[in-house]
Protein chains: 2
Amino acid sequence: MSPYSLMDDRKKRILQAVTDDYISTAEPVGSRTIARRYDLGISPATIRNEMADLEESGYLEQPHISAGRIPSQKGYRFYVDFIMQTKGVSDEERLRIRRRLEERKRELDLVTEETARILAQLSNYAAFVLSPVSRAAVLKRLELVQVDPQLVLVILVVDPGFVRTHLVMTERQLKPEQLAYINSYLNSRLRDIPLSKIGVSLLKEIAAELKEYSNVLEATLEAVVQLLEHRQEEAVVTDGQINILEQPEFREVESAKRVFDLLAEDDTVSGLLVDTMNAGSIRVVIGRESPHPNMDICSVVSAPYVVDGVPIGAIGVLGPTRMHYARVVAIVELVACHLGEILSKMLVM
Amino acid sequence: MSPYSLMDDRKKRILQAVTDDYISTAEPVGSRTIARRYDLGISPATIRNEMADLEESGYLEQPHISAGRIPSQKGYRFYVDFIMQTKGVSDEERLRIRRRLEERKRELDLVTEETARILAQLSNYAAFVLSPVSRAAVLKRLELVQVDPQLVLVILVVDPGFVRTHLVMTERQLKPEQLAYINSYLNSRLRDIPLSKIGVSLLKEIAAELKEYSNVLEATLEAVVQLLEHRQEEAVVTDGQINILEQPEFREVESAKRVFDLLAEDDTVSGLLVDTMNAGSIRVVIGRESPHPNMDICSVVSAPYVVDGVPIGAIGVLGPTRMHYARVVAIVELVACHLGEILSKMLVM
DNA sequence: CGTTAGCACTCAAATGCATTGAGTGCTAAA
DNA sequence: TTTAGCACTCAATGCATTTGAGTGCTAACG
């Protein structure tokens with residue numbers, strides 16, 4: 001028997017009322033309150049009966065016997081899936097989002113940072129952005145520049161969208177012709193190769209072919225590996241952690257600390273975002289639905305962003321389980337959409 | 001009359017006992033406790049009398065009339081200036097610091113991040129690092145590389161120690177000779193010029209001289225300005241904010257939030273570090289000695305780090321006024337010293 | 001038969017009050 | 001000058017009481 005078969009329309013409206021009210025007040029909601037505040041045309045007694053049913057089937061729970069009800073995990077889940085209507089974002093806000101992103105269009109890092117900031121400000125929760133990684137990303141160019149008798153600058157240009165540099169010490173200075181030769185050789189071997197194909201083995205092969213320059217090359221190629229890895233590490237940008245402290249459920253420092261710990265472990269957050277990216281659609285993870293123990297008191301709304309129909313990253317908002325889902329879902333969806341559009345302009349180059 | 005004239009040796013020892021005890025327990029200290037825990041050879045009554053004197057002259061205060069004493073701001077100041085002995089750091093720790101820094105020696109950003117992390121871990125407070133900026137920094141090289149028909153990569157190499165890149169859109173593709181010409185011209189004008197001298201006026205002048213390429217140059221030079229500014233913004237790296245939540249004085253979320261707000265405003269922290277760098281020596285700022293209102297419940301220990309005798313940056317630790325000054329001062333001094341040494345190896349190139 | 005009113009019941013939170021204990025200042029004795 | 005003794009203060013603690021919002025159950029109502 002599906003659990004939802006028990007859910008008639010009136011129960012739905014009551015669950016909605018309880019959830020809406022609890023989301024905005026953070027106080028358990030009683031039957032009287034609902035009868036007063038929401039015009040359902042039924043008496044507190046009837047509401048009590050319905051609430052008892054809802055509790056029995058697991059959508060509501062009582063912190064203690066003589067308190068009002070609050071939504072359970074299952075209740076939030078039902079609310080998110082079948083009840084709430086995502087709240088439209090005002091045109092003005094929409095415009096502001098777009099404008100702020102446009103302004104930062106120049107550099108990829110800045111766009112992701114700005115996105116995180118926008119999300120945090122709009123949602124009033126903590127926000128994070130997984131930087132765009134493209135499976136199709138290719139090494140566009142690899143350049144060595146002698147900047148000093150003993151220093152070579154390695155420049156990696158990756159398409160779509162980022163540039164990394166690294167300084168390498170060399171023992172002897174290379175002549176310009178030598179450098180030019182190495183450059184053109186490296187580019188002939190590596191240009192337009194997908195990053196995923198560039199591994200230690202390929203690089204070793206190249207080093208062997210150019211072994212007269214092994215001196216420079218070893219360090220250089222090691223740097224290449226590092227740079228490509230380093231990018232992965234850096235992939236998550238966070239903002240708005242402070243907002244966590246505004247939430248009444250985190251008034252006790254203990255619980256706040258658990259959330260901060262959660263945010264500090266990059267793995268957890270980035271894993272979640274990667275999952276969302278792969279899933280390819282907006283996701284709402286409520287409390288213990290996530291395996292992570294510190295997540296039990298939190299929910300996360302996350303969405304991938306898409307360029308040319310391919311998800312290349314994801315964004316997310318983390319708040320208490322009592323999260324303003326309707327609004328946050330709308331915001332996350334909207335921001336993800338704008339971000340995708342902006343990036344598609346930037347990355348198609 | 002100097003306030004210190006009243007401070008005989010016994011008073012000093014009592015102030016030390018009170019401060020040490022309060023620093024480790026976070027509880028107001030009474031005369032009995034001191035008599036028991038510290039072997040001063042005097043009775044609680046005597047201690048009471050001395051404490052009354054110390055309170056009168058402003059070194060101690062009472063949270064309420066029937067509680068023990070805690071050090072006042074002035075008390076901490078005296079403790080820091082005249083009483084405490086900075087606590088040696090174990091050789092093992094010393095070695096670990098050095099090794100961790102050595103590992104990250106490759107890239108400047110990584111060194112500052114690692115430094116912040118080390119400081120936070122050792123001190124158990126929040127830590128920050130002002131990235132090295134050298135007044136003597138010069139633009140070592142400015143290179144334009146065509147990476148795509150419509151994209152030019154601007155590379156800035158600054159000595160000492162960092163590289164920035166930026167992508168610029170161009171309307172038409174430049175021929176290699178043209179690019180080479182621009183490159184060599186720009187380098188002839190800008191190479192080895194101190195960053196502080198590179199302003200809008202100089203760049204405008206150059207743009208005028210090369211006005212046949214104004215198309216590319218405008219965007220490029222604008223990017224140069226942005227990059228040099230952007231570096232300033234990014235200058236402070238922070239770590240260990242979570243440690244703040246461990247401190248009993250921040251158990252109330254309100255006060256924790258004030259500190260987080262403080263840390264979130266980059267200006268405050270970076271201003272403080274810049275001051276320290278300019279001052280050229282270790283500084284301890286206690287509570288309201290700082291003008292910033294949210295600092296009243298905090299203290300900061302900060303020290304410049306020095307390359308070739310010149311302070312080029314600063315590091316700092318922020319904790320509650322009840323900070324473990326002796327230990328933190330030792331740590332900050334030590335880390336600053338190691339950082340300076342590591343950087344001098346990196347930057348002299 | 002679903003809905004509502006009434007009522008007894010529950011329990012967290014707030015309130016009031018006495019107790020405890022760590023701490024103080026003052027005074028007088030050592 | 002130091003210390004012992006003593007009266008005093010006051011935050012914190014514990015405990016009983018009250019309050020009030022909320023519930024479940026039952027019986028009456030349309």
Side-chain angles (χ1 to χ4, degrees), chain A residues 6-15 17-22 24-72 75 248-249 251-252, chain B residues 6-15 17-22 24-72 75 248-249 251-252:
Chain A
L6 302 167
M7 187 64 82
D8 66 14
D9 194 60
R10 191 169 69 185
K11 282 199 175 56
K12 243 184 192 169
R13 278 210 300 277
I14 289 174
L15 178 54
V18 172
T19 311
D20 282 342
D21 207 77
Y22 183 64
S24 51
T25 65
E27 295 290 334
V29 202
S31 51
R32 173 186 297 261
T33 313
I34 290 188
R36 220 185 316 116
R37 267 199 270 244
Y38 299 84
D39 192 21
L40 300 179
I42 45 178
S43 77
T46 309
I47 295 173
R48 275 203 289 284
N49 290 332
E50 295 284 38
M51 281 166 84
D53 291 356
L54 284 167
E55 183 169 4
E56 176 129 20
S57 36
Y59 296 103
L60 294 180
E61 50 193 35
Q62 273 180 301
H64 52 264
I65 193 157
S66 72
R69 307 300 212 290
I70 63 178
S72 67
E249 26 273 278
R251 189 99 40 79
E252 297 305 311
Chain B
L6 302 167
M7 187 65 79
D8 65 16
D9 194 58
R10 191 169 69 185
K11 282 199 175 58
K12 242 182 191 169
R13 278 208 300 278
I14 289 174
L15 177 55
V18 172
T19 311
D20 282 342
D21 208 77
Y22 184 64
S24 51
T25 63
E27 295 289 334
V29 201
S31 51
R32 171 184 299 257
T33 313
I34 289 188
R36 221 185 315 117
R37 266 198 271 244
Y38 299 83
D39 192 21
L40 301 179
I42 46 179
S43 78
T46 311
I47 296 174
R48 276 204 287 287
N49 290 331
E50 295 286 35
M51 281 166 84
D53 290 357
L54 284 167
E55 182 169 6
E56 176 129 21
S57 36
Y59 296 103
L60 294 180
E61 49 194 35
Q62 273 180 301
H64 52 265
I65 194 158
S66 71
R69 307 299 214 290
I70 64 178
S72 66
E249 26 273 278
R251 187 99 41 79
E252 298 304 312

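Please read these numbers as outputs of a predicted model, since none were measured by experiment. The sequence lines fix the lettering, A, B, ..., with proteins before strands; numbering per chain opens at 1.
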Does a side-chain heavy-atom distance below 4.5 Å link B/Asp21 with B/Ile34?
no
Is the shortest side-chain heavy-atom distance between B/Asp20 and B/Tyr38 below 4.5 Å?
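Answer yes - side chains close enough.
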Non-hydrogen atoms of A/Leu60 and A/Pro71 that approach each other most closely
CD2-CA, 3.8 Å
All side chain to side chain contact (heavy atoms under 4.5 Å, CB included) counterparts of B/Arg10, not counting sequence neighbours
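Only B/Asp8, B/Ile14, B/Ile42, B/Thr46, B/Glu50 meet the side chain to side chain contact (heavy atoms under 4.5 Å, CB included) criterion with B/Arg10.
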With a strict under 4.0 Å distance from non-hydrogen atoms of chain A, what nucleotide opens and what nucleotide closes the contacted stretch of DNA chain D, reading 5' to 3'?
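It runs D/dA21 to D/dG24.
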So, does A/Arg10 get its side chain near the phosphate of C/dT3, meaning an N or O under 4.0 Å from OP1 or OP2?
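Answer yes for this pair, as a side-chain N or O of A/Arg10 is under 4.0 Å from OP1 or OP2.
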Would the distance check show the side chain of A/Ser72 and the main-chain N or O of A/Glu61 forming a donor-acceptor pair, the cut-off being under 3.5 Å?
no
Assess whether atom CG of B/Asp9 is packed by more than 12 heavy atoms of other residues, nucleotides or ligands within 6.0 Å.
yes
When the nearest nucleotide of DNA chain D is assigned to B/Ser66 and to A/Pro28 on a heavy-atom basis, which residue is associated with the more 5' position?
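Nearest nucleotide further toward 5': that of B/Ser66.
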Please work out if A/Ala45 contacts a base, only the sugar-phosphate, or nothing of the nucleic acid, heavy-atom cut-off 4.0 Å.
base
Spacing between A/Ile47 atom CD1 and C/dA5 atom P, to the nearest angstrom
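Answer to the nearest Å: 11 Å.
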Provide, to the nearest angstrom, the distance between the CG atom belonging to A/Asp53 and the P atom belonging to C/dT3.
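So the two atoms are 11 Å apart, to the nearest Å.
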